[in-house]
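The structure under discussion appears below in the form of structure tokens.
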Amino acid sequence: MVRSGTLILNVAARLLLPLQLMFSLFLLLRGHDEPGGGFIAGLVAAGAFALYLFAYGRRALGAMLKVSPRDLVGMGLLLGVVSTLPAWWYGEPFFTAQWWTIPVIDFKASTPLIFDIGVYLVVLGSVLTAITALVKTDQADDER
């Protein structure tokens, strides 16, 4: 059995995971007014989880996530479809942006944000699915 990581990699993964996830959320929320959005934010989050995977292994990542990466893809696709519905309810063309203000926290929620969260989840889930499949294949080759 191959040992997952070194001490330096383990410490770096534990320190960088929360920072990378916060940065990915920053990119996700910033993407409506300036460069950024769901795709790049999903890649940054996937990089954080990939680092954790390389440091601690597939079982540790699965225990931390508690959800299958394929389920993230499905949830992201569902959010992408749901983001199109409010425009139809208001009788406007497909994918017309709708905005709502949440008064308690003074936050503007929107259908583009819902769509970007869907893209975020699809990218995160698909990259994690690919990486965990590669790690699983590599571990199966080591056991032979």
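We number each residue from 1, following the sequence as shown. On a predicted model such as this, the values are computed, not experimentally measured, just so you know.
- With sequence neighbours left out, Tyr90 forms a ring-ring contact (aromatic ring centres under 6.0 Å, His included) with no residue at all.
- For Phe115, the ring-ring contact (aromatic ring centres under 6.0 Å, His included) partners are Phe95, not counting sequence neighbours.
- For the side chain to side chain donor-acceptor pair (under 3.5 Å) test, residues two or more places apart in sequence or in another chain that qualify with Arg14 are Tyr56.
- In this view, Leu79 and Ile114, Ile117, Leu121 satisfy the side-chain contact (heavy atoms from CB on, under 4.5 Å) rule, not counting sequence neighbours.
- For Trp88, the ring-ring contact (aromatic ring centres under 6.0 Å, His included) partners are Phe94, not counting sequence neighbours.
- Residues Met64 and Leu17 approach most closely at SD-CD2, 3.6 Å, considering heavy atoms.
- Counting only distance, with no hydrogens or angles, the side chain of Ser68 and the backbone of Arg70 share a donor-acceptor pair below 3.5 Å.
- The side-chain contact (heavy atoms from CB on, under 4.5 Å) test applied to Leu43 returns Phe39, Ile40, Val123, Val127, not counting sequence neighbours.
- Every side-chain contact (heavy atoms from CB on, under 4.5 Å) that Leu15 has, sequence neighbours left out, goes to Val11.
- Taking Ile, Leu, Val, Met, Phe, Trp and Tyr as hydrophobic and joining them when side-chain heavy atoms fall under 4.5 Å apart, one finds Leu77 in a cluster with Val73, Val122.
- Residues Leu9 and Leu51 are in side-chain contact: their nearest non-hydrogen atoms beyond the backbone lie under 4.5 Å apart.
- With a 4.5 Å cut-off on side-chain heavy atoms, Trp100 and Thr111 count as touching.
- Residues meeting the side-chain contact (heavy atoms from CB on, under 4.5 Å) test with Ala45, sequence neighbours left out: Leu21, Ser24, Tyr120, Leu124.
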